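Have a look at the structure below, then the notes.
One-based numbering, in listed order, for ligands and for the atoms of each. All of these numbers come straight from a predicted model, not from anything done at the bench.
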Amino acid sequence: MAKQLEKSSIGNEDIFQKIANHEQVVFCNDPASGLQAIIAIHDTTLGPALGGTRMYPYKSVDEALEDVLRLSEGMTYKCAAADIDFGGGKAVIIGDPEKDKSPALFRAFGQFVESLNGRFYTGTDMGTTMDDFVHAQKETNFINGIPEQYGGSGDSSIPTSKGVVYALKATNQYLFGNDSLSGKTYAIQGLGKVGYKVAEQLLEAGAKIYVTDIHESVLHSIKEKSKELGGSVTIVKSDEIYGVDADVFVPCAMGGIINDDTIPKLKVKAVVGSANNQLKNLRHANVLNEKGILYAPDYIVNAGGLIQVADELYGTNKERVLLKTKEIYRSLLEIFKQADLDCITTVEAANRKCQKTIEDQRNRNSFFSRGRRPKWNIKE
Ligand SMILES: NC(=O)C1=CN([C@@H]2O[C@H](COP(=O)(O)OP(=O)(O)OC[C@H]3O[C@@H](n4cnc5c(N)ncnc54)[C@H](O)[C@@H]3O)[C@@H](O)[C@H]2O)C=CC1
Ligand SMILES: O=C(O)CCC(=O)C(=O)O
């Protein structure tokens, strides 16, 4: 019988209610290095959990927990949609990436990952870099997305950015009847690892882009880059990006940016970007739909990095990664069409497809001993 526990001090909810959809949530505490992290494993039906580690100065444990729960659930769907034999997981480290990083902190984090003995593989996300995981990898084998010189597949934001560009092409095909990127305008929020590379590819294609970032240096850098690449760049302030008169809004920074405050400002025909969890709530998919704005589900668009880091565990093959990343074009078009056919939102169409993939595998899993050595552990 379940124990009667007092209410958790984390928020007003019972903690088990909060994590009801998740298999496992691990709080990692190492006072010596200052590490405070949470690892969330959402669903391992398709395979061991896989997902990056985000470092962010969360204001509270509640905020960090909320983020890691949503992000890890998204990974389950992302793996299912991209036909990757992994489950959904993610980690967050509470801290300022510009002040609080140290080799010791990432080594301690590596030890916590090791303690899960292959149930969770991780690498970079917002606020973390490949170099951070070179330290973590000293303590565990369950790290991916490390630099090529350390035997990894290198920068996963390269395939992520390519996937975003395939998604933009598919969106143009659906909306305008041809998938050319040129002659269109794009409003990019965030010129970090992914956004900057998307901006470069759009400029190369002769597009007009509006850009914003909280770091001025990247804005000036892309403006300079446009002189050699072509296209045109207009820099706008952070809060102005939502109201830009562009064809597509391309969010490549934080999640939750499609919400009740921002949707009324949007003038675009579509939202297609790399940011995880772009919708503040599921209902915002309906609000976008009612406004006639096409939404490309984030976990379909941004799967390129996942495809590469998962591939790394089989032995990296860049050609195979590119082929699978190209599939984002077909997969997104299929979701747009299915949503039309069933008169549902694109998010609902994508979720239904992924839920079916997971359910089918859950049924197949019952035939096997789950204790067998997973083929993914080839590095051991
Ligand atoms: N790196 C990858 O391969 C993948 C990234 N993603 C998601 O894509 C998004 C971007 O990831 P990365 O480029 O790796 O992160 P990053 O940390 O390299 O870049 C984020 C950029 O957004 C900027 N930014 C932050 N807040 C902002 C604001 N309010 N307004 C404008 N700019 C702001 C930052 O200054 C930074 O330049 C994240 O949501 C991440 O979870 C998803 C899948 C894979
Ligand atoms: O892109 C990566 O490095 C890992 C996959 C991931 O965490 C993500 O897609 O959000």
Side-chain angles (χ1 to χ4, degrees), residues 39-40 42 49-57 67-68 70-79 81-82 84 86-92 96-98 120-130 132-133 143-146 152-164 167 187-199 210-219 221-222 235-242 249-258 262 272-279 297-313 321 325 328:
I39 298 170
H42 175 253
L50 173 61
T53 296
R54 174 174 290 194
M55 186 165 184
Y56 187 76
D67 206 25
V68 77
R70 279 197 79 192
L71 288 165
S72 53
E73 184 170 357
M75 291 308 296
T76 299
Y77 284 82
K78 200 182 300 193
C79 290
I84 299 290
F86 284 89
K90 204 89 177 181
V92 294
D96 184 338
E98 284 177 23
F120 176 60
Y121 287 81
T122 195
T124 61
D125 190 70
M126 258 184 92
T128 57
T129 66
M130 292 190 290
D132 298 330
F133 287 94
I143 297 293
N144 48 36
I146 51 168
S153 59
D155 186 353
S156 61
S157 67
I158 297 171
T160 304
S161 72
K162 286 187 180 155
V164 174
I188 308 177
Q189 181 182 49
L191 291 181
K193 296 191 289 289
V194 180
Y196 195 92
K197 296 179 185 78
V198 172
Y210 291 87
V211 292
T212 193
D213 198 289
I214 49 176
H215 291 120
E216 285 214 353
S217 57
V218 285
L219 297 170
S221 164
I222 199 72
I235 297 172
V236 300
K237 294 203 182 88
S238 271
D239 53 349
E240 286 172 3
I241 197 75
Y242 302 107
F249 175 44
V250 187
C252 295
M254 286 300 282
I257 36 72
I258 303 294
T262 58
V272 185
S274 78
N276 277 310
N277 297 336
Q278 290 163 33
L279 304 174
D298 45 19
Y299 65 76
I300 304 287
V301 175
N302 67 17
L306 166 71
I307 290 167
Q308 174 161 305
V309 297
D311 192 77
E312 183 178 318
L313 301 170
V321 170
T325 305
I328 290 173

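Checked by atom type and distance alone, the side chain of D213 never pairs as donor or acceptor with a backbone atom of L219 at under 3.5 Å. The backbone N or O of T53 sits less than 3.5 Å from a side-chain atom of T128, completing a donor-acceptor pair. Although no hydrogens or angles enter the test, the distance criterion places a donor-acceptor pair under 3.5 Å between the side chain of K197 and the main chain of K193. Under a 3.5 Å cut-off, the side chain of Q308 and the backbone N or O of T325 do not form any donor-acceptor pair. The main-chain N or O of G145 is found under 3.5 Å from a side-chain atom of E312 such that the two form a donor-acceptor pair.
Against a heavy-atom cut-off of under 4.0 Å, T124 is close to the following atoms of ligand 2: 2 (C), 3 (O). For ligand 2 and V309, the ligand atoms under 4.0 Å from any heavy atom of the residue are 3 (O), 4 (C). Those atoms of ligand 1 with a heavy atom of D125 less than 4.0 angstrom away are 40 (C), 41 (O). Under a 4.0 Å criterion applied to the non-hydrogen atoms of S238, ligand 1 contributes the atoms 30 (N). In the vicinity of G305, heavy-atom distances shorter than 4.0 Å reach the ligand 2 atoms 1 (O). Counting atoms of ligand 1 from 1 in the listed order, those under 4.0 Å from a heavy atom of L191 are 37 (O). Within the listing of ligand 1, atoms 3 (O) sit less than 4.0 angstrom from a heavy atom of S156. If you number the atoms of ligand 2 from 1 as listed, the ones under 4.0 Å from a heavy atom of G52 come out as 6 (C), 7 (O). Atom numbering of ligand 1 starts at 1 in the shown order; those under 4.0 Å from a heavy atom of H215 are 35 (O). Remark: ligand 1 atoms within the under-4.0 Å shell around heavy atoms of G127 are 17 (O).
Contact annotation: M75 has at least one heavy atom less than 4.0 Å from an atom of ligand 2. Taking 4.0 Å as the cut-off, V218 does not count as a neighbour of ligand 1 on heavy-atom distance. At least one heavy atom of G51 sits closer than 4.0 Å to an atom of ligand 2. Ligand 1 does not have G255 within reach: every non-hydrogen atom of the residue lies 4.0 Å or more from it.
Counting protein heavy atoms only, atom 1 (N) of ligand 1 is closest to V194 CG2, 3.5 Å. The shortest contact between atom 19 (O) of ligand 1 and any protein heavy atom is with G192 CA, 3.2 Å. Nearest protein neighbour of atom 26 (N) of ligand 1, counting heavy atoms only, is I214 CD1, 3.8 Å. Atom 35 (O) of ligand 1 has as its closest protein heavy atom D213 OD1, 2.6 Å. The protein non-hydrogen atom at the shortest distance from atom 43 (C) of ligand 1 is N302 O, 3.5 Å. Summary of contacts: the protein heavy atom closest to atom 9 (C) of ligand 1 is A253 O, 3.4 Å. At the top of the distance list for atom 6 (N) of ligand 1, counting protein heavy atoms only, stands S274 O, 3.7 Å. Considering only non-hydrogen protein atoms, atom 18 (O) of ligand 1 sits nearest to K193 N, 2.9 Å. Of all protein heavy atoms, the one closest to atom 10 (O) of ligand 2 is K90 NZ, 2.6 Å.
The minimum heavy-atom distance linking G273 with V301 is given by the pair O-CG1, 3.3 Å. Annotation for P97 and P57: closest pair CD-CD, 4.1 Å, computed over non-hydrogen atoms.
In this structure the side chain of T124 never reaches within 4.5 angstrom of the side chain of D132, judged on heavy atoms. Between L306 and M75, the closest side-chain pair of non-hydrogen atoms falls below 4.5 Å. Side chains of Q278 and I257 form a contact here, defined as non-hydrogen atoms less than 4.5 Å apart. Within the 4.5 Å cutoff, the side chain of S221 has heavy atoms near those of the Y196 side chain. The closest side-chain heavy-atom distance from Y56 to D67 is not below 4.5 Å. Within the 4.5 Å cutoff, the side chain of I241 has heavy atoms near those of the F249 side chain. M126 has its side chain out of reach of N276: every pair of non-hydrogen atoms, C-beta onward, lies at least 4.5 Å apart. No side-chain heavy atom of I188 sits less than 4.5 Å from a side-chain heavy atom of T212.
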Check against side-chain contact (heavy atoms from CB on, under 4.5 Å), N302 and K78: CA-CA 8 Å; N302 67 17; K78 200 182 300 193; 2.8 Å; yes

Derivation and outcome, side-chain contact (heavy atoms from CB on, under 4.5 Å), residues T122 and I143: CA-CA 5 Å; T122 195; I143 297 293; 3.9 Å; yes

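Only side-chain heavy atoms of K78 come within less than 4.0 Å of ligand 2; its backbone N, CA, C and O stay farther off. If you look at N276 next to ligand 2, the close heavy atoms, those under 4.0 Å, all belong to the side chain.
Taking the six-membered ring where tryptophan is involved, the planes of Y77 and Y299 are tilted, since the angle between them lies from 30° to 60°.
The option from K197, M126, K78, M55 that lies nearest to atom 15 (O) of ligand 1, judged by heavy atoms, is M126. Counting heavy atoms only, C252 comes closest to atom 20 (C) of ligand 1 of the residues G163, C252, G190. One option in L306, V301, T160 has a heavy atom closer to atom 44 (C) of ligand 1 than any other, and that option is T160. Atom 3 (O) of ligand 2 has its nearest heavy-atom neighbour, among G88, A82, S156, in S156.
Among the atoms of R54, some N or O lies under 3.5 angstrom from an N or O of ligand 1. For ligand 1, the polar-atom distance check finds no N/O of G305 at less than 3.5 Å from any of the ligand's N/O atoms.
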